[in-house]
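Here is the structure we will look at, set down as structure tokens.
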Amino acid sequence: MKETVVSGIRPTGKLHLGNYFGAVTNFVKMQYDYNCFFFIADLHSLTTHPTPQDLHGYVKHVLVEYLACGIDPEQSTIYIQSDVPEVAELYLYLNMNAYLGELERSTSFKDKIRSQPNNVNAGLLTYPALMAADILIHRASKVPVGKDQEQHLEMTRTFGNRFNRLYNSEYFVEPFAFNYAKNLVKVPGLDGKGKMSKSEGDGNCIYLSDSPEIIRKKLLRAVTDSGPSVENQTKPEAIQNLFDLMNIVSSPDTIAHYDALYNNVAIRYGDLKKQIAEDMIIFNSPIRERIEELSKDNSYLRKVAEQGAVKARESAQKTMKEVRALIGFKSF
Ligand code: AMP
């Protein structure tokens, strides 16, 4: 039997290159070898309090972009998280055995406390329990995600194992983060520090739907420094980030060429940025064109979402029936 794979993305805007290289590119490859469930994590996105119109628009973006990237709804189950209410039920049960101390230690929770001190809601605190429910509901063993999700995967294993111990079973398998690359991926942003992230603003992200003009503009504004002063010096974070971006879109020859220029103190950052922009445009263009086409086809999108909801609920209902029996919910 094929191993089961689950992963999702929060609909908080358009997908960027971090989402693509951290997660979606793996979804596309995995769908032929595994039993795959790829969802749109709209319940998770409620922590940011979107308006109903924004929420619907963002869900559509992710659905369209999943399809534009090459996820095939005949190979994989693509679904919207809120179409599967069993996920919320499992989340409730997992919350009963998730402890305040461990939830408060989550790095992403600590980041949120810092970045949005006026909206530290319980949904943010219990985010790892909802993510665990997403994965355990299909009893998945592999989860294609970026490096930023590693800690959440560890918590998922903790919650699954705790459930198993509590109910004296071996029901949940241990899921592990997965990437076809040797290591989990962290795509840097354009602001010279940290990962590409929507919460750092649009200027920090290259979206899959960005036009060539926008990509060129964003790259020109990317943070650099005054340039190397001695040969073979270690690259500071902002420059290493640009080379990391080049690594994902440019050819090995191009990368070697700019690396040599840097090491010989002959690099011109303007040229480096232009090269990255042009290579990103070559990479993005076919996806962007498919996004434009698919966005117009609401009846196809509806069909995909409906078909996905049926398949995902079937799997989730089977799990929940067994989970309820293990917990001890019985009819008289
Ligand atoms: P999120 O936007 O937090 O729902 O993330 C969706 C997926 O994209 C998760 O698998 C993340 O690990 C991945 N992801 C988001 N940003 C990055 C990044 N900068 N580098 C690598 N993966 C990322």
Side-chain angles (χ1 to χ4, degrees), residues 5-30 36-48 50 54-55 58-59 61-63 65-66 69 71 78 80-82 87 106-112 115-116 123-124 127-128 130-135 140 142-156 175-209 218 222 237-238 240-242 244-249 280:
V5 169
V6 172
S7 195
I9 294 191
R10 281 174 307 145
T12 50
K14 300 167 184 170
L15 298 193
H16 54 66
L17 293 186
N19 301 131
Y20 184 81
F21 287 99
V24 181
T25 183
N26 293 286
F27 298 2
V28 175
K29 288 193 207 159
M30 291 180 102
C36 291
F37 293 88
F38 300 125
F39 65 97
I40 299 159
D42 57 348
L43 297 178
H44 282 281
S45 77
L46 296 184
T47 58
T48 62
D54 280 352
L55 180 63
Y58 294 158
V59 168
H61 277 311
V62 181
L63 179 58
E65 293 177 10
Y66 273 176
C69 289
I71 304 177
I78 303 176
I80 299 163
Q81 188 187 25
S82 60
V87 171
S106 141
T107 321
S108 65
F109 181 64
K110 287 194 217 155
D111 287 347
K112 293 289 179 204
S115 65
Q116 50 180 71
L124 284 176
Y127 186 102
L130 182 53
M131 179 161 162
D134 293 326
I135 297 165
K142 285 194 164 54
V143 188
V145 282
K147 186 146 186 61
D148 55 326
Q149 296 295 330
E150 214 170 12
Q151 193 186 29
H152 289 148
L153 258 292
E154 198 179 318
M155 293 173 88
T156 300
F176 287 90
F178 179 89
N179 193 294
Y180 278 104
K182 215 165 54 224
N183 299 311
L184 293 183
V185 170
K186 179 181 137 189
V187 176
L190 298 174
D191 61 359
K193 50 187 168 33
K195 64 171 183 170
M196 186 172 283
S197 166
K198 277 170 279 218
S199 50
E200 300 305 319
D202 283 348
N204 186 42
C205 298
I206 300 288
Y207 295 111
L208 295 175
S209 54
K218 284 183 177 174
E237 188 182 3
Q240 185 56 51
N241 284 356
L242 286 180
D244 287 351
L245 286 172
M246 186 169 234
N247 239 322
I248 59 176
V249 289
M280 275 183 180

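Indexing begins at 1, ligand by ligand and atom by atom, following the structure's order. All values below were derived from every heavy atom in this structure, side-chain atoms included, with hydrogens, water molecules and symmetry-related copies excluded.
- At a 3.5 angstrom cut-off on N or O pairs, Tyr127 does not count as close to ligand 1.
- Considering backbone and side-chain atoms together, Gly8 places no N or O closer than 3.5 Å to any N or O of ligand 1.
- At a heavy-atom distance under 4.0 Å, atoms from both the backbone and the side chain of Asn19 approach ligand 1.
- Nearest heavy atom pair, residue Ser45 against residue Leu55, reads OG-CD1, 3.5 Å.
- The closest side-chain donor-acceptor pair between Asp202 and Tyr207 falls under 3.5 angstrom.
- Ring geometry for Tyr58 against His61 counts as parallel: the plane angle stays under 30°, on a 0 to 90° scale with 60° as the upper cut.
- Looking at heavy atoms from C-beta onward, Phe109 lies in side-chain contact with Leu124 at the 4.5 angstrom threshold.
- Taking a 4.0 Å cut-off on heavy atoms, His44 fails to register as neighbouring ligand 1.
- Taking each of Asp148, Val185, Asn204 in turn, the one with a heavy atom nearest to atom 11 (C) of ligand 1 proves to be Asp148.
- Ligand-side atoms of ligand 1 in range of Arg10: 1 (P), 2 (O), 3 (O), 4 (O), range being under 4.0 angstrom from any heavy atom.
- Between Leu130 and Val87 the shortest side-chain heavy-atom distance falls below 4.5 Å.
- Below 3.5 Å of separation, one finds no N or O of Ala23 facing any N or O of ligand 1.
- Ring geometry for Tyr66 versus Phe38: interplanar angle over 60°, hence perpendicular rather than tilted (30 to 60°).
- Using a 4.5 Å cut-off on side-chain heavy atoms (C-beta onward), Asn26 and Val5 make no contact.
- Shown in contact with Lys186 at under 4.0 Å from a heavy atom are these atoms of ligand 1, numbered in order with element: 20 (N), 21 (C).
- In the vicinity of Val145, heavy-atom distances shorter than 4.0 Å reach the ligand 1 atoms 10 (O), 12 (O).
- Taking every non-hydrogen atom of Lys195 and a distance limit under 4.0 Å, the qualifying atoms of ligand 1 come out as 19 (N).
- Nearest protein neighbour of atom 16 (N) of ligand 1, counting heavy atoms only, is His16 CE1, 3.5 Å.
- Separating the CZ atom in Phe178 from the CG atom in Leu184 is a distance of 10.0 Å, to the nearest 0.5 Å.
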**Request:** Please step through side-chain contact (heavy atoms from CB on, under 4.5 Å) for the pair Asn19 and Val187, ending with a clear verdict.
**Result:** CA-CA 8 Å; Asn19 301 131; Val187 176; over 6 Å; no
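- Here the heavy atom of the protein found nearest to atom 9 (C) of ligand 1 is Gln149 CG, 4.0 Å.
- At the top of the distance list for atom 18 (C) of ligand 1, counting protein heavy atoms only, stands Gly18 CA, 3.5 Å.
- In this structure, the protein non-hydrogen atom closest to atom 20 (N) of ligand 1 is Val187 N, 2.8 Å.
- With hydrogens and angles disregarded, no donor-acceptor distance shorter than 3.5 Å links the side chain of Asp191 to the backbone of Asn204.
- Near Met196, meaning under 4.0 Å from one of its heavy atoms, ligand 1 places the atoms 16 (N), 18 (C), 19 (N).
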